[in-house]
Structure formats: structure tokens, C-alpha cells
Amino acid sequence: MLEDAERVFQICCDCISDDGKAMDYDAWKLFIDAAELGSLSKVAVTYGSSQPHISRRISELERECGGRLFQRTGRGVALTELGQRVAPKVRAWIASTVQLANDVRTSAGTPIGTVRIGSLPSTAHPLVTTLYHRLKKRYPLIQLMVREGQGAQLETWLEDGSVDLALLFRTSPSPKNGDTYLVKTSTYLVGAAGDKRTSRPTVPFSALNNLPLVLFCRPSSWRNHLEQLSTERGISLNVVLEADSLSLQTQIVAGGGIYTLLGPYAIAAALKNLRLQSSRLVAPTVSRHIALAMSRHGELTLACRTVMQVTREIASSGAAGLPVS
């Protein structure tokens, strides 16, 4: 039963403790690796093993749990509903186990361990690159594992414990759920070079009415926010193309006849390769916050706290060129 997922996982953890077998930790690690890679063959390649051997170990784990964790498909494996319920707890347990080993090796409170961080494409550089270089210099025992995705993906990764921290956009004026707001940015209407609508420093929000737009795919809290503002002001958003790729959005906009809505960080990156121009939306100003969010799963380790502290330092000092409105 799905409601027994937590009990099933606890029973398995109790068995691990009682048996004292090192292979049990490895089996749960295989479970997570298979869930993320979606293929037992890929797991086998990663571990230098064979697919039948990996499959047997997963089957043994499923027998101990009393339920199927994976659905075997023609193209690989996918988590069952039970597997989806158990996965966040397994990730948290593995992370805490690894951190415990790191803590034993740590002296004088030196941060050590892997911190998994999710980033929007527009914040990956230079914010995350600056973070990497600063950590390498000051805290060489911290290792970053960076995953790049859009807002909905980052929210999912935070929810299921795939990442410890995430850099994403928030529209709420006040941080919630432990978020830290790093900087406030404005929103710009972006068009091709020479476009009349984006030729001035600012453009009213009403100019978006029926304007052909390319925006991020659903689900998207940013789309929801824009549509709420539009409804309140009697504006109709004409989304003619949905694309999660910033590169694709800006490439299409540069061709003319279509527009997008971006922050200054993303625009600055696109201008290195494309001829675009932009005008800041006003009446109302559409503000967003670059936020540092924490996963609700797992322990906030010393390494995680250190990464959060250094990220805040970078943002407040302007070292990563974060734009402000």
C-alpha cells in the first residue's frame, strides 16, 4: 500500500542496521541511480558491472521491501508509485549517511561533502561559476553537483530531494518556506534589433495585449503570474510558441515578428551572440526575485549552510554581476 511506504522504508532500514551488511547501502544507492538514469544498463556501465547483475540486486531489494519499486519498460525503467513515495526518503537517508562519514573525517568544523544545486540557465553563469571558484579557493572539500533546469523542474527536484538547494525566480514580494531572496529584478519586453515597440527604455504592460509571444512551457509559476496580471488589467496574452530553452526563445525573437519576456540577466547573456533590444515593462512594473531555495528533505549540512552563505555574499557584493531593478 502506498500509505505504508514510509513504514516499508523504515523496515528496510531496520534490516540494514540489523544485518550490518554494507551491500544494503549500495543497493539503495543503486535504486537512486537507476531512478535518475532511467536505465539499468546505464547503471551497469557507471558501476563497471553487467545489466543482469544490477537487475538481480534491484529485484532483491524489491523482495525485501515487499513491493515493486520500478516498472520495467521497453526503453528502461521508471519508478512505480511506491518507488516515487520511497525515493525522497532514500535520498535523504543516503545524503545523511554520506554526510555522517564526512563529519567523522571533519576536524575543526571544516565543511566537507557534496552539495547538489539546481540552477536556471540564466543564473548558471556567472553566479554559479563564481560560486564554484570561490568555494574551490576557500572550501576545497566542498564539491558542487549542478543541475540546470527551468522553474517547474527545479521545484520538482526540490520536492523529491534530487537537489539540496536551487536558484530560481519568485514573484511573491516576501520570501516563504525558508527561501532567501538574493536580488530583485525587473521584466523586459524583448524584440529584434530595430523593433519599434522595444525602441524606448520602457513600455507599458498594456502593450502586451494580443502581441505574439514565446514563453516558457507549463507548468510555470511565472506564466501563472503573468496571466493573473493580464486578467486583472483586461489584457489578452497571445502565446504563439512555448519553449523552455532560453536559446531557442531568443533565437526566434531575433528573427523578428515575435517577442518574449525576460530578466536582464538572460538578456545580457543573449546579447553576446544575438542582435536584440528590450524595454522595461512598467504600469505596472513586473518584478521577480532571484531566490535561493532549500529542499524540505534531508539535513541542512554544514556544507549546505556554507554554500548558502557564500552565495549570499556573492549576491550582496555584486561579484557575479547580478542585475537589480
N/O donor-acceptor pair under 3.5 Å between R280 side chain and P201 backbone: no
Under 3.5 Å: donor-acceptor pair, side chain of R147, backbone of I117: no
Donor-acceptor pair, side chain of E62 and main chain of L69, under 3.5 angstrom: yes
Basic-acidic side-chain contact under 4.0 Å: R68, E81: no
N/O donor-acceptor pair under 3.5 Å between Q153 side chain and Q150 backbone: yes
Under 3.5 Å donor-acceptor, Q277 side chain and G194 backbone: yes
Polar side-chain atom of D164 near backbone of R116 as donor-acceptor pair, under 3.5 Å: yes
Candidate list V203, T260, V286, test side chain to side chain contact (heavy atoms under 4.5 Å, CB included), partner L189, passing option: V203
Test item: S59 and F70 side chains (from C-beta on) under 4.5 Å apart, heavy atoms: no
S199 (side chain) donor-acceptor with K196 (main chain) under 3.5 angstrom: yes
S55 side-chain N/O to Q51 backbone N/O, donor-acceptor pair under 3.5 Å: no
Flag for N224-S221: side-chain donor and acceptor within less than 3.5 Å: no
Under 3.5 Å side-chain donor-acceptor pair for R170 and Y181: no
